[in-house]
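Just so you know, ligand 1 is whichever comes first in the structure, and atom 1 is the first atom listed for that ligand. Everything quoted here is computed from the prediction, not taken from an experiment.
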Amino acid sequence: MKRTTLIALLTAFLTHSTFTTAQTSPEKRNSVALEHGAHRLGKRSDTFMETWRNYGLGQFIHWGVYAIPGGHWDGKYYPGAAEWIRSWKEMPKDAYDNLYKQFDPKAFDAGKWADQAKDMGAKYVIITTKHHDGFCLWPSKYTDYTIAKSPYGKDIIGQLVEAYDARGIDVYLYFSIIDWNHPGYRSSLKDDADRKEYETFKTFTRNQLVELLERYPSTKGLWFDGSWDKAWIEQAAFADELGRELRDMVPGLIIGSRFRADENGNRHFDTNGDMMGDYEQGWERKMPETIADTHGNDWDCVMTIPENQWGYHSDWKGHVKTGNELIEMLVKAVALDGNFVLNFGPDGQGNIRPEETRLAAEMGAWMDKNHEVIYGCGYLDWKKQDWGYYTVNRKTGKKYMVVFNTPVSGALRVKTPSKTKLETVYLLENPDADIAIEEIHRNEYFIHYQPDTPSDKPFVIVMETTGSASDEGHYQKAKT
Ligand code: H79
């Protein structure tokens, strides 16, 4: 056998086993045998997942026909999430299902959206190919309810994939299992007639997913939603097999924990408590507080700018997050080994609203100066302090303090692990700035720094240490 063939075979075998083979737990634990539980324990270690882990910041896009009513119908204000307006009692279903006949976003420019994401510092994007309403932003051949039948006519997903790919931003496709448009769709299966209908829906779902990966082979992963229906939860074997099929189509494909249930109906975490999928996908509009909350898993946090609006709502009520709040969420996510994904909901014409554009620019300006504390960085196992967050570069070991709350004393406390000594600190933005270390006890320091003019943005202090690499190592296992 030729050497290259052997290597190819070995690679194929190793890759396959990394992605699909259940491994025995290193610990003794009570567990039941599951056919459709987790197929791997612990993090994926391949380069695809390493890339994912190192993104830090992503962008979410929610776009569909719900952007046309924009949270209003017949002069009335819909208080729910704009993309859910079809489920509102004031919204005639028939009117909603005909909105696509008006979908003609004249201002849509995929390059403009991708430029903005790039300037913000996003390394990946998650795009709604189809939300719960079932309207497809790509010309699916399995339904007529698609962009092809709208006055706009052109493939939106195709344009976005091309634009984001061209700027080096990895594309992930959002796909809703819930589909209010498909005749075979059911949220629960009450009798044999339902079951029969649902089979057509399962085939349709499988066909659409295969179609998406065939049409957009540069897709890095799928972000599933609407998988909480009883009907879908009962499809453990089908969904497991479908996941395998999709993974076989795209090497390294990344799918989170929201895709499928195990045979006992457990979602995200199987009957044994092991996460199903490549990362925990339960952090929606909320974040872990401590590293223990993450159970040592990869995770992403998807976040809205207002309280709970994903699709375009023309009238944001309630608190709208500020740039500093969003930057803090981003840093906190990275500091706890996760990714932060910020949502954008363009309007019915294809414009990104001014509030979102302003915030993206504010984050981008901060990222421009400070991105090295985000990209490739993760959790540093040092005792957290009140001034902010530590991050550490996973490759180089370079350590950072991201300061959000400067104490009135100007003294920032740092406690190091037992064998680690803090030697030097400097400001990332201005290495010549006046800053000093005072050792107060062994492994406990004050960093004295008083900015001349108080900063209205979080700032970064770089730390240089000596001592044992072993006790300042990157977090491996949650202490739970
Ligand atoms: O796509 C976004 C949401 O539409 C979807 N997932 C994110 C990424 C989602 N979030 N929560 N849910 C779906 C569950 C639905 C919650 C609901 Fe409601 C409560 C639906 C009806 C009542 C929230 C409040 C939406 C409408 C009113």
Atom 10 (N) of ligand 1: which protein heavy atom is closest, and how many Å away?
-> E284 OE2, 2.8 Å
So is W223 polar-close to ligand 1, meaning N/O to N/O under 3.5 Å?
-> no
Given the protein's heavy atoms, is any one of them under 4.0 Å from atom 22 (C) of ligand 1?
-> no
May I ask you to check if ligand 1 and D225 share an N or O to N or O distance below 3.5 Å?
-> yes
Under a 4.0 Å N-O cut-off, is there an ion pair linking R186 with D191?
-> no
R353 to W316 six-membered ring, cation-pi geometry met (6.0 Å, 45°) = yes
Identify every side-chain donor-acceptor pair in residues 100-108 under 3.5 Å, counting partners at least two apart or on other chains, and give the distances.
residue	atom	partner	partner atom	Å
K101	NZ	N98	OD1	2.7
D104	OD2	K106	NZ	2.5

Is the NZ or CZ atom of K149 both under 6.0 Å from the centre of the six-membered ring of Y145 and within 45° of that ring's axis?
-> no
Which ligand 1 atoms does H131 reach within 4.0 Å, using its non-hydrogen atoms?
-> 1 (O), 2 (C), 3 (C), 4 (O)
Tell me which one of W228, W84, Y174 gets a heavy atom nearest to atom 16 (C) of ligand 1.
-> W84
Tell me, please: is Y78 in heavy-atom contact with ligand 1, that is, under 4.0 Å?
-> yes
Ligand 1-proximal atoms of Y66, by part, heavy-atom distance under 4.0 Å | neither
N/O donor-acceptor pairs under 3.5 Å from side chains in residues 327-336, not counting sequence neighbours:
residue	atom	partner	partner atom	Å
E328	OE2	Y389	OH	2.7
K332	NZ	E289	OE2	3.0

Test item: Y375 side-chain N/O and G121 main-chain N/O as donor-acceptor pair under 3.5 Å | yes
Nitrogen or oxygen of H132 less than 3.5 angstrom from that of ligand 1 = no
Any N or O of H62 closer than 3.5 Å to N or O of ligand 1 = yes
Is it the case that K220 places NZ or CZ above or below the six-membered ring of Y124, under 6.0 angstrom from the centre and within 45 degrees of the axis?
-> no
Please walk me through it: do Y96 and W73 pass ring pair (Phe, Tyr, Trp, His ring centres under 6.0 Å)?
-> CA-CA 10 Å; Y96 187 94; W73 191 254; 8.4 Å; no
What do you reckon, does E83 have a nitrogen or oxygen under 3.5 Å from a nitrogen or oxygen of ligand 1?
-> yes
N308, portion touching ligand 1 at heavy-atom distance under 4.0 Å = side chain
